[in-house]
Every structure is written in structure tokens, then in C-alpha cells.
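Report on the structure given below.
Just so we're clear, the structure is a prediction, and the values are computed from it rather than from any experiment. In what follows, chains are A, B, ... by sequence order, proteins preceding strands, each numbered from 1.
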Amino acid sequence: MKYDHRKQEKKWQKFWEKQQVFRVEDDSEKPKFYCLDMFPYPSGKGLHIGHPRGYTATDVVSHYKRMNGFNVLHPMGWDAFGLPAENYAIKTGTHPRETVVKNVKHFKNQLKSIGLGYDWSREINTTDPDYFKWTQWIFLQMFKKGLAYEDELPINWCPSCKTGLANEEVVKGRCERCDSEVKKKDIRQWVLKITDYADRLLEDLEDLDWPEPIKEMQRNWIGRSEGAKINFKLKETEGEIEVFTTRPDTIFGATFMVLAPEHDLTQEIVSGSLEAENKKEIEKYVKKAHKKSDLERTELSKEKSGVEVKGLKAINPISGEEIPVWIADYVLGYYGYGAIMSVPAHDERDYEMAKKYGLEIRAVIEAEELPFKAEGKVINSNDFNGLSTKLMKEKIIEKLEKIDAGERATNYKLRDWIFSRQRYWGEPIPLIHCDGCGTVPVPEEDLPVTLPEVEKYEPTGTGESPLATIVSWVNVDCPRCGMEAKRETNTMPQWAGSCWYYLRYIDPENEKQLVDPEKEKSFMPVDLYVGGAEHAVLHLLYSRFWHKFLYDLDVASTKEPFKKLKNQGLIMAKDGTKMSKSKGNVVSPDEIVEQYGADVLRLYEMFVGGFEDEVPWDEEGVVGMRRFLEKVWGLKEKVVEKEPDEDLRGLLHRTIRKVTEDIESFKFNTAISSLMILSNEMKSKDKISMEAFTKFLKLLAPFAPHISEELWQKHNDGSVLRSDWPEFDEKLAKKKKVTLVVQVNGKLRDKFEVERGIKKEEAIKLAKKREKVKKGIEGEDIKKEIFVEDKLVNFVT
RNA sequence: GCCGCGGUGCCGGAACUUGGUAUACGGGGCGGACUUAAAAUCCGCUGGGGUUUUACUCCGUGUGGGUUCGAUUCCCACCCGCGGCACCA
């Protein structure tokens with residue numbers, strides 16, 4: 001009789017829930033294992049076929065760990081603030097809260113239908129006031145420590161989402177969400193000082209068991225460079241130009257200075273407080289540069305442009321030389337000090353600039369071709385000639401420090417995190433603006449600050465949040481002086497809630513604390529974290545930052561939140577392109593569960609390829625998993641109580657070893673393949689021992705829990721998912737006979753079976769007797785006989 | 001341009017950690033059994049070429065070199081694909 005997944009799967013899902021098989025204990029003698037998925041945004045579209053790939057992997061590991069005696073925390077929740085629900089509200093008038101409730105219900109049903117073993121008693125939702133109370137609380141602690149500050153700088157503005165964005169949300173000059181071109185806009189913003197943590201975020205990456213590409217992306221994003229800060233005094237006028245350089249060793253090659261159009265001195269020239277002979281020309285250039293978006297400024301980067309500040313000279317503090325000052329938009333206002341010393345002989349960009357405007361190019365490192373960017377021997381540098389550039393760096397920094405014209409310095413690409421959004425559906429920033437007291441935090445006992453009901457969710461587009469129009473909500477008494485004051489109307493970005501959610505699963509009901517310190521210590525850090533790689537410099541950087549802050553507050557006990565990280569690869573359409581609605585090639589997990597069963601979906605997602613690789617979805621391949629399960633289903637007829645099956649035992653133990661090692665190293669595809677080999681072998685037998693079959697079911701259970709449970713329950717009590725993981729016996733796993741390969745000059749000539757552990761002399765004697773081998777070595781002079789135990793014999797002639 | 005990952009049958013992929021039978025496992029295809037028939041199921045074959053055609057032989061893991069008794073695996077150079085970053089001083 002065929003396996004009826006529709007009947008069986010529902011039955012066991014109910015059973016597991018009733019028996020609380022996946023419930024984690026707060027006080028347990030067992031070692032803990034915290035296994036975490038990146039929680040989803042509950043979109044209206046429901047679960048994508050890619051979601052279950054990561055979820056099944058953590059589910060497999062959770063079951064495996066539980067069966068190995070761990071107290072496993074494997075929770076799930078909802079990252080439910082964000083624009084889709086809000087945009088839907090704008091269109092239909094449905095409150096985002098209602099949309100979220102509906103979508104969460106749908107998502108949860110879908111996850112349950114796949115048989116994923118979450119401990120639902122710990123479910124959280126970032127839009128729940130009892131949850132975001134603590135998101136606001138963390139923000140307030142940052143505010144109190146000076147890590148959250150207000151700023152009015154030109155920031156990234158998405159004209160379609162009508163909100164400011166963080167740098168991490170701008171991808172190639174476009175909005176990460178909607179792909180619109182990002183504009184510059186001057187608006188008041190709340191900014192988090194992530195740069196204070198730059199060093200720790202960089203250094204602590206080293207000890208993390210994370211994919212190297214993700215670590216590398218974070219390193220590049222933080223972008224630390226070591227060098228020097230150097231002051232160039234201005235000639236015949238007050239003031240100086242401060243520059244950052246990684247190459248102080250090339251200071252004698254600095255033939256001009258370049259200021260960014262945003263530089264303070266540039267502004268002074270434009271405003272007239274600093275005199276320049278060609279003020280008009282400069283004004284024109286600066287205006288043009290300011291109009292360009294970042295995208296344009298980089299796209300048009302092929303050709304350098306700039307304008308000299310006529311009449312202004314800077315003085316090289318080391319050589320005393322007077323050099324001209326230019327303004328050019330290839331120098332960025334926000335990096336370093338917004339100004340550089342230009343060394344055209346040893347920097348490509350400076351070289352292009354010098355070539356275009358006929359500026360002096362002076363080599364100060366021995367080079368055959370300019371620009372020369374490598375290390376070498378110093379020339380044209382007065383007393384310093386002949387030094388290595390490495391030593392030169394040290395000498396120059398020494399000298400700068402002595403004459404008080406500069407010092408050793410470190411610079412970062414990382415910029416502070418623009419944290420406020422001019423939208424409705426996010427956590428309100430819990431601050432109050434008072435004319436008398438300034439910006440005052442909402443008292444902790446008044447948290448959470450909840451969202452008011454509004455009539456229109458539409459963003460104003462002026463840089464003000466829609467909350468600003470709700471007078472009754474905005475107007476409050478100042479908690480400090482009691483006078484009339486106004487609430488901050490910006491909300492937090494969608495990343496806020498996910499920065500610390502893994503801590504809340506540990507103690508989701510706690511009303512007094514974010515998390516109980518004892519519980520926190522017993523479960524942190526997250527042992528395994530699984531999700532998509534697209535969060536490399538977003539969620540995965542932000543949450544590390546918040547975690548380190550919470551560590552400093554003694555709320556978290558570990559330096560890092562996520563010990564081990566794995567990224568699941570994308571699931572593509574059959575032709576290798578992205579699945580998309582417009583192409584009509586979107587596969588729904590629901591259809592697969594309905595037609596083939598949850599176990600088949602799980603098996604296929606794990607079997608289709610390497611976990612971290614991008615793989616195409618091929619429904620024909622899904623059939624193979626169903627056939628495998630039918631085969632397993634058929635095996636039950638062959639099970640007999642007592643049967644030694646000697647010849648199956650070796651393979652069984654090799655399979656136990658293989659599946660165990662493969663789960664540990666995330667090689668689920670080969671684990672399943674080894675289970676198939678064992679089941680094929682079992683199928684070829686007339687009888688299978690109960691013992692072998694039971695062990696096989698335990699190995700299969702993490703991947704295909706429903707069918708395993710059904711077959712297990714015929715002979716056992718309690719869930720197979722709560723049974724002990726089988727142990728393998730190395731002795732039994734070893735093959736008694738091995739195939740010995742015979743080569744002549746490295747080419748395969750013959751192979752034959754021998755007892756394991758055969759001695760060299762014996763093997764060579766046997767090999768020489770083989771007809772095919774004889775033919776190869778006949779009349780030849782054997783110079784060497786190579787023997788590799790249990791593997792091969794090679795005759796070299 | 002820089003950084004990272006990858007290139008293996010008709011397709012998804014295995015073997016690369018530790019050099020030692022290349023293509024496990026699954027799909028597809030072909031042939032056969034069962035059937036009135038089809039589906040499903042089961043059994044067999046399935047890298048390419050050559051031949052005196054059933055046994056042997058040569059070639060074969062992106063390309064070209066190297067190390068080695070032996071290289072998909074190690075080293076060097078290059079080509080192609082994918083992802084990330086990109087005027088970061």
C-alpha cells in the first residue's frame with residue numbers, strides 16, 4: 001500500500017505539539033544548543049520556496065542535537081515592521097496591524113505544514129508593544145550614553161519610499177528596497193554612533209565561525225586604514241588643511257592639495273570669508289558638484305575635474321615647499337578630512353588629475369613606470385633618500401609628531417548609522433523635544449511609546465513622518481519640567497527590531513527586564529545562525545553593533561551574538577534564472593506539500609545541492625525523493641524481530657558514521673545519498689533486522705520526520721525525535737574486504753578483492769600473478785614497487 | 001580595477017579536508033517485464049572515441065605548463081561564469 005502523506009503528516013504534527021516534543025527547558029541538566037533562523041518578514045505573498053531551505057537545515061540540526069542529548073532552543077518569530085504592510089495600508093486603508101496578524105497566521109500555518117519543530121511557546125513579534133518596549137529601551141540607553149545623536153547632514157533620500165536611508169541600504173546608488181535612484185536631501189536625522197564600535201566590530205570578526213565572504217564584506221565595509229593625519233598650513237593667511245594619508249612616506253611627492261566641494265574651506269571661499277582670485281569660477285564648480293547625486297559622481301568618474309583656488313598656497317610641513325590648492329569632486333567630503341595631499345607619481349587618481357591640468361608629477365619612490373603604487377626605495381626626499389618606504393613612513397610620522405604638524409591616525413569607511421525613518425509603521429523614537437530642556441528621553445516607566453491611530457498612512461514626503469500630523473499624540477508635557485513639549489515623530493528603521501530579537505526568545509514573557517541575566521547566560525551565544533547572505537552588511541552588522549552595546553551594559557554576557565553562521569544558497573527557477581511572478585515560474589511550497597508531502601519538500605531542498613550553493617528547482621527531481629520514501633515505506637514488510645544480518649551491519653555503521661559527520665558539517669545532500677544507498681541495500685534483502693531498521697529510521701528522522709515517526713511508532717513508544725541518536729562502531733564500519741587497484745606507471749591495469757590489512761609482499765605477489773598486469777610488466781625492468789595499504793599497488797618500469 | 005566563490009556525464013551534483021578505482025546518489029534517456037493500453041512499479045544499460053566487437057585499447061574533471069611513480073585534488077600562468085566592493089586618499 002502506498003504511503004499516504006496527507007493523512008500521516010497532519011497526525012504526527014498534532015502528536016508532536018501535544019507531546020511538546022520541541023519544548024526547550026529553562027532549567028536543564030543537559031548542555032544547551034541554541035539553533036536560530038533569521039526570522040521572516042511576514043509578507044502577504046506567503047512563504048517563498050527558498051524559506052524552507054534554511055528552516056529545514058536548522059530543523060535537521062535541532063533534531064540531531066536533541067537526539068544527541070542537548071537541550072535545544074529552536075524558536076521562531078516575526079520581523080513585522082516595514083514598508084509592505086504600510087504601503088498596503090495606504091492603498092486599502094487596512095491598518096498594518098491587521099495585515100500583520102493575518103499574514104503571521106498564514107505563515108505560521110505554512111511553517112507547521114512543513115513539520116518544522118519550533119518551540120512556539122517562545123514566539124515573538126517585533127510589532128508587539130511588549131516587544132518593542134525593549135527596542136525603545138535600548139535606544140534610550142544609547143541616547144543616554146551619547147551614542148544616538150541628532151544631525152542635519154545631506155543624507156540618502158529615497159523619493160519613492162519617501163524616507164531617509166542608511167548607507168548600508170543604498171546599493172549602487174539605488175534604494176535597496178525599491179531600486180529608485182537615491183537623492184541627497186538635508187533633513188534632521190537621528191544617527192547611531194556605530195563608528196565608536198568600528199575597531200571591535202572588525203577585530204572580533206576573527207574568532208567567529210562565519211563564512212569567509214561575509215567576514216570579508218564586513219571588513220571591507222568597516223574599511224580600516226592606517227596612516228597619518230598631516231596639517232598643511234596656509235600661506236599668508238590663518239588656517240590649515242588637515243589631510244589623512246596612508247602614504248606619509250610620499251610626502252615629498254605632494255605637488256598640490258585637493259579639497260572636496262563640501263570642505264569647510266571651500267565653503268569659506270564660496271561665502272567670501274576666504275579670498276580667492278577666481279571666486280566666481282569656484283562657486284560655479286561647487287554648485288555643479290553639489291547637484292550631482294552620489295551615483296552621478298561615481299558614474300562620471302572616468303574623467304577628473306577640478307578648479308584651482310588661485311592665490312591660495314599650502315605649505316608642506318616637512319619640506320617647507322609651497323604648493324597650489326585645488327577643489328575637485330573626486331575627493332569625498334565624508335571620508336577622512338575631506339581633503340588630500342595629492343601625490344600624482346604614486347596614486348592613480350592624483351596622476352589622472354595632474355595629467356589633465358598639467359600639474360607637476362614628481363617621483364619619490366624608485367619606479368620604472370608612473371604611477372607607481374607599491375613599496376620601494378625613497379628618492380627625491382632630501383635627507384630621507386635611500387630609505388625603504390616602510391621605514392620612511394615611521395620616520396615621517398616621528399618627525400610630524402615632533403614638530404606638531406601631524407600624528408599617526410586610523411580612518412574608516414564605515415559611517416554612522418542613519419537611524420530615523422519618516423514613515424508610520426515602525427517603532428516610535430522615544431524622545432520628547434522641549435524648548436526649555438532640549439531633547440528629553442521618555443521615562444522608562446512610560447515605555448512603550450505606542451503608535452497613534454492615524455487616518456492617513458501616507459508619508460508627507462517633506463521629511464516629516466505622518467505621525468507629525470497627529471497633534472493629540474505629538475503634544476505632551478515635558479517629563480522634566482512639565483511644560484508643553486513635542487514628541488519625536490520619526491520612527492526606527494526596519495532593522496531595529498531584529499538587532500536583538502535572539503535575546504528575547506530566551507525570556508519572551510519578562511515584563512521587568514529585556515532578558516533575565518541567568519537565563520541569558522544559560523542560552524547565549526546562538527550556536528548556529530542560518531539565513532540569507534543578503535544581510536551581510538545590514539542586519540548582521542547592525543545586530544553585532546547592538547549586541548556589543550548590550551554587552552557593555554551587562555545585559556548580554558557574550559561579546560558576539562552568533563557563534564556560527566551559515567548562509568543558504570538561493571533557489572532559482574529550473575533554467576537558473578531568478579523565480580519571478582512575471583515569468584510565471586514561481587514554485588509555492590504549499591503545492592509541493594500538498595502533492596508530494598512535507599517530507600519530500602524537506603528532502604528535496606536538502607538533497608538538491610550544496611547548502612550554500614545556488615541551485616535550480618527541478619520538479620522532476622522532486623519525484624525522486626517521493627520514490628525514495630515509497631521504497632522506505634515498503635521496507636516495513638521485511639522487518640523481522642530477530643535476524644543477525646551480518647552483511648548489512650557494516651554498511652549500517654558506515655551510514656551512521658557518514659550521516660553523523662555530514663550533519664555536523666552541513667553536507668545534507670550526501671547524508672541523504674548515503675541513506676538512499678542503505679535503503680537500496682535493505683530493499684535487496686529478504687529480511688531486515690528490527691535493530692537495523694530502527695537505526696535507519698533514527699537517521700532518517702531529522703530529514704523526513706513524518707514517515708520516520710509513522711514507521712517508528714509501529715514498534716516503539718514516544719517520538720523518534722526524542723530517541724537517542726545511534727552510535728557507530730568503527731570496527732564494524734570497516735570493510736573486511738577491500739578492492740586493491742593495480743597500476744603500471746600510474747595507469748590502472750587491474751583490480752581485485754583482498755582481505756583488509758594485507759601486507760605489501762603478499763599484495764605484490766598477488767598483483768604480479770594477474771594476467772592484465774603481466775602483460776604490462778612483461779619484459780620490463782621494474783624499478784619501483786609502490787604499495788598503499790588497502791588501496792593500491794603501482795609498478796614503475 | 002580590487003576582493004571572494006566557482007568551472008566535473010544529457011541535467012542537479014559526488015570524490016578535493018588527507019594526491020591513489022573520476023562521475024557516488026538523484027533526475028532524464030534507452031531497452032525489457034507487467035498491462036487490452038497508458039500511467040505507476042520493477043529489472044538492465046547509459047562519459048567519448050577506436051577496433052580484429054564483447055574483450056581490449058586510447059582519450060576524458062575550463063586552457064596551458066609544473067611537481068609526483070601517480071593530479072579532479074598541490075603549485076604557476078591564463079580563460080570563462082557568478083557574487084560583493086568600487087574615486088575610501
Separation between the P atoms of rA15(B) and rA24(B), rounded to whole Å: 13 Å
What nitrogen or oxygen pairs link the protein and nucleotides 27-34 of chain B at under 3.5 Å?
unit_1  : atom_1 : unit_2    : atom_2 : d
rG27(B) : OP1    : Arg627(A) : NH1    : 2.7
rG28(B) : OP2    : Arg627(A) : NH1    : 3.3

Please write out the pairs of protein N or O atoms and N or O atoms of nucleotides 47-50 of chain B separated by less than 3.5 Å, giving the distance to one decimal.
none

Rounded distance (Å) that lies between atom C1' of rA40(B) and atom OH of Tyr596(A): 13 Å
chi for rG4(B) classified (syn = within 90 degrees of 0, anti otherwise) as anti
Side-chain N or O of Asn567(A) closer than 4.0 Å to phosphate OP1/OP2 of rG83(B): no
Check whether any side-chain nitrogen or oxygen of Asn669(A) sits under 4.0 Å from OP1 or OP2 of rA14(B), and answer yes or no. yes
Spacing of the C1' atoms in rU72(B) and rG19(B) (rounded, Å): 10 Å
Could you give the CD1-to-C1' distance, from Ile214(A) to rC3(B), as a whole number of Å? 14 Å
Side-chain ion pair, Lys768(A) and Glu785(A), N-O less than 4.0 Å: yes
Whether Arg247(A) and Asp249(A) form a salt bridge (side-chain N of Lys/Arg under 4.0 Å from carboxylate O of Asp/Glu) is what I want to check. yes
Side-chain N or O of Lys784(A) versus OP1/OP2 of rC69(B): is the shortest distance under 4.0 Å? yes
Should Lys747(A) be listed as having a side-chain N or O under 4.0 Å from OP1 or OP2 of rC59(B)? yes
Once you round it to whole Å, what is the distance between P of rA24(B) and CD1 of Ile677(A)? 10 Å
Can you tell me, in whole Å, how much space there is between the P of rG81(B) and that of rG26(B)? 34 Å
On the nucleotide rC42(B), are OP1 or OP2 found under 4.0 Å from the side-chain N or O atoms that Lys683(A) carries? yes
Check ion pair Glu730(A)-Arg657(A) (N to O, under 4.0 angstrom): yes
rU53(B) and rU17(B): how far apart are their P atoms, nearest whole angstrom? 43 Å
Taking the same atom, C1', in rG31(B) and in rU18(B), what whole-Å distance lies between them? 42 Å
5' priority, RNA chain B, between Lys373(A) and Leu792(A) [closest heavy atom]: Lys373(A)
Of the options rC85(B), rG20(B), rG4(B), whose atoms approach the side-chain atoms of Pro213(A) most closely? rG4(B)
Answer yes or no: is there an ion pair linking Glu755(A) with Lys736(A), defined by an N-O contact shorter than 4.0 Å? no
From NZ of Lys578(A) over to C1' of rC82(B), roughly how many Å is that when rounded to an integer? 11 Å
Give me the distance, rounded to whole Å, that separates rA22(B) from rG4(B) when you measure between the P atoms they each carry. 33 Å
Check this for me, if you would: do Glu216(A) and Arg219(A) make a salt bridge, where the nitrogen-to-carboxylate-oxygen distance has to be below 4.0 angstrom? yes
Less than 4.0 angstrom between a side-chain N/O of Ser225(A) and OP1 or OP2 of rA89(B), yes or no? yes
Can a cation-pi geometry be assigned to Lys760(A) and Phe787(A), taking NZ or CZ under 6.0 Å from the six-membered ring centre and within 45° of the ring axis? no
Please determine whether a side-chain nitrogen of the Lys or Arg among Glu169(A) and Arg177(A) lies less than 4.0 Å from a carboxylate oxygen of the Asp or Glu. no
Give the rounded distance in Å between these two atoms: CH2 of Trp617(A) and P of rG12(B). 16 Å
Would you call Arg770(A) and Asp750(A) a salt bridge, using N to O less than 4.0 angstrom? yes
Nearest-Å distance once atom P is located in both rG29(B) and rG65(B): 40 Å
